[in-house]
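First comes the structure, then the notes that go with it.
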Amino acid sequence: MALDSIAMEGHVMEQEAQKFTISYDYVDKEIENFGMSPEIKKVIIAKGYDPLIK
């Protein structure tokens with residue numbers, strides 16, 4: 001039996017407050033959901049990136 005999608009969660013190495021989740025649909029070949037903690041979002045923005053731009 002093959003999976004149609006997968007969901008993963010994790011955190012930045014040595015930064016457990018910087019958490020993320022992601023789910024991917026193998027049928028549609030696209031990310032279904034991506035979430036991040038406020039802590040990781042702050043770090044990404046501080047590095048000059050907008051984490052909400054696709």
Side-chain angles (χ1 to χ4, degrees):
M1 181 168 106
L3 296 175
D4 291 341
S5 63
I6 188 169
M8 298 178 285
E9 61 181 45
H11 62 82
V12 176
M13 290 177 59
E14 300 179 13
Q15 301 293 327
E16 292 188 22
Q18 297 179 19
K19 298 178 183 178
F20 64 88
T21 60
I22 188 168
S23 59
Y24 182 79
D25 186 317
Y26 289 111
V27 175
D28 295 333
K29 296 183 178 161
E30 64 183 17
I31 294 173
E32 292 181 329
N33 186 28
F34 179 74
M36 66 187 96
S37 66
E39 291 83 357
I40 196 171
K41 186 176 177 182
K42 288 178 193 174
V43 172
I44 292 170
I45 291 171
K47 291 186 177 273
Y49 300 100
D50 185 342
L52 303 178
I53 293 179
K54 289 187 176 186

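None of these values were measured; they are calculated from a predicted model.
Separating the CG atom in Leu52 from the CD1 atom in Ile44 is a distance of 9.0 Å, to the nearest 0.5 Å. In this structure, CD1 in Ile45 is found 6.5 Å from CG in Asp50, a value given to the nearest 0.5 Å. Atom CD of Glu30 is separated from atom CD of Glu32 by 7.5 Å, given to the nearest 0.5 angstrom. With rounding to the nearest 0.5 angstrom, the CG atom of Asn33 is 5.5 Å from the OG1 atom of Thr21.
No more than 12 heavy atoms of other residues, nucleotides or ligands lie within 6.0 Å of CE in Met13, so this atom counts as exposed by the packing criterion.
For the pair Ser37 and Gln18, the tightest heavy-atom approach, listed with the atom from each and the gap, is OG-CA, 3.6 Å. The shortest non-hydrogen separation linking Ile31 to Tyr24 is N-CD1, 3.9 Å.
Considering only heavy atoms from C-beta on, Tyr26 stays 4.5 Å or farther from Asp4 through its side chain. No side-chain heavy atom of His11 sits under 4.5 Å from any side-chain heavy atom of Ile40.
Put simply, Val12 and Tyr49 are part of the same group of oily side chains (I, L, V, M, F, W, Y) that touch within less than 4.5 Å, one to the next. Cluster annotation: Met36 and Ile22 are assigned to the same hydrophobic cluster (Ile/Leu/Val/Met/Phe/Trp/Tyr, side-chain heavy-atom contacts under 4.5 Å, transitive).
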